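Report on the following structure.
Bear in mind that the values here come from a model prediction, so they are computed numbers and not experimental data.
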Amino acid sequence: QVQLVESGGSVVQAGGSLRLSCAFSGRTFSRYALGWFRTAPGIDRDFIGAITWNGLRTQYAESVKGRFTISRDNDKKTVSLQMNSLKPEDTAVYYCAADVDSDGGILRLSWEEYDYWGRGTQVTVSS
């Protein structure tokens, strides 16, 4: 059974930093592309960024590029989201997701294309 569990969500002041982690359980973690998404009242599940199975390439939404960084550790079966220079508009529930159908360096930007999801962790950025 595949399971993803996010952790690290908290309340942080604008301009601060926060690191989210996602623990994976399953046999094929090293072959899955992994993505981060977020939802907030009034918005859909927005793409934040994704990382290839081998960690060689990442892709980010323009709204977070230069501030957020995705990394993964295939030995520990974890993926992290380092968030710097946080803004109030970053307030959302953050989800990690696995794309089991990703081929090589392909990174999908639509949440409908991902196969497994965590339950989310709340990040609140106060002004």
Side-chain angles (χ1 to χ4, degrees):
Q1 192 76 16
V2 174
Q3 184 177 15
L4 298 167
V5 181
E6 304 92 340
S7 63
S10 185
V11 179
V12 62
Q13 293 293 115
S17 298
L18 197 63
R19 186 177 183 87
L20 305 182
S21 295
C22 177
F24 178 94
S25 64
R27 298 181 62 184
T28 326
F29 176 86
S30 62
R31 303 300 299 182
Y32 295 171
L34 297 170
W36 284 93
F37 295 80
R38 65 187 181 187
T39 59
I43 66 172
D44 294 326
R45 190 173 301 181
D46 289 338
F47 172 80
I48 298 172
I51 187 168
T52 56
W53 70 270
N54 54 14
L56 294 180
R57 188 167 65 86
T58 55
Q59 187 169 357
Y60 300 94
E62 284 297 317
S63 60
V64 305
K65 190 174 183 179
R67 299 189 298 122
F68 291 10
T69 303
I70 296 174
S71 61
R72 67 187 293 166
D73 188 328
N74 287 350
D75 291 330
K76 297 181 179 180
K77 294 186 177 182
T78 59
V79 58
S80 298
L81 179 67
Q82 177 66 45
M83 304 183 293
N84 299 325
S85 301
L86 284 164
K87 307 173 182 179
E89 47 263 49
D90 293 319
T91 296
V93 177
Y94 285 71
Y95 300 87
C96 62
D99 180 3
V100 303
D101 298 318
S102 180
D103 184 11
I106 296 177
L107 293 174
R108 307 181 196 276
L109 279 62
S110 178
W111 67 269
E112 294 96 335
E113 300 297 325
Y114 286 74
D115 304 281
Y116 300 102
W117 292 83
R119 293 184 179 273
T121 185
Q122 177 70 48
V123 173
T124 301
V125 183
S126 60
S127 60

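In this structure, T58 OG1 and F68 CZ are separated by 13.5 Å, a value rounded to the nearest 0.5 Å. To the nearest 0.5 Å, atoms CZ (R72) and OG1 (T52) are separated by 7.0 Å. Separation of atoms CH2 (W117) and CG (D115) is listed at 10.0 Å; rounding is to 0.5 Å.
Between F24 and L4, the shortest heavy-atom distance links the atoms CD1-CD2, 3.0 Å. S127 and A14 get closest at one heavy-atom pair: CA-CB, 4.3 Å. Between A33 and L107, the closest heavy-atom pair is CB-CD2, 4.1 Å. In this structure, C96 and E6 approach most closely via the heavy-atom pair N-OE2, 2.9 Å.
Between K77 and S25, every side-chain heavy-atom pair lies at or beyond the 4.5 Å cut-off. Proximity of V11 to Q122: side-chain heavy atoms (C-beta onward) are nowhere separated by under 4.5 Å. Under the 4.5 Å side-chain criterion, counting only non-hydrogen atoms from C-beta, D99 is not in contact with L34. Counting heavy atoms from C-beta outward, R19 and S80 have side chains that approach closer than 4.5 Å.
Both V79 and V100 belong to a common hydrophobic cluster when Ile, Leu, Val, Met, Phe, Trp and Tyr are linked at side-chain heavy-atom distances under 4.5 angstrom. No single ILVMFWY cluster, assembled from side-chain heavy atoms under 4.5 Å apart, contains both V125 and Y95. Cluster membership for Y116 and L81, using ILVMFWY side-chain heavy atoms within less than 4.5 angstrom, is shared. In this structure, W36 is a member of the same hydrophobic cluster as M83, with clusters built from ILVMFWY side-chain heavy atoms closer than 4.5 Å. Y114 and W53 are assigned to two separate hydrophobic clusters, defined by single-linkage of ILVMFWY side chains at heavy-atom distances under 4.5 Å.
Side-chain atoms of R108 do not come within 3.5 Å of backbone N or O of G35 as any donor-acceptor pair. A donor-acceptor pair is defined here as one N or O able to donate and one able to accept, closer than 3.5 Å; such a pair exists between the side chain of R67 and the backbone of S85.
Contacts of Y60 classified as ring-ring contact (aromatic ring centres under 6.0 Å, His included), with partners at least two apart in sequence or in another chain: none.
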Query raised in the report: Should D101 and E113 be marked as a side chain to side chain contact (heavy atoms under 4.5 Å, CB included) after you check the CA-CA gap, both sets of side-chain angles, and the distance that decides it?
Result: CA-CA 8 Å; D101 298 318; E113 300 297 325; over 6 Å; no

Please report, to 0.1 Å, the donor-acceptor pairs under 3.5 Å made by any side chain of residues 37-49, with sequence neighbours excluded.
unit_1, atom_1, unit_2, atom_2, d
R38, NH1, D90, OD1, 2.9
R38, NH1, Y94, OH, 2.9

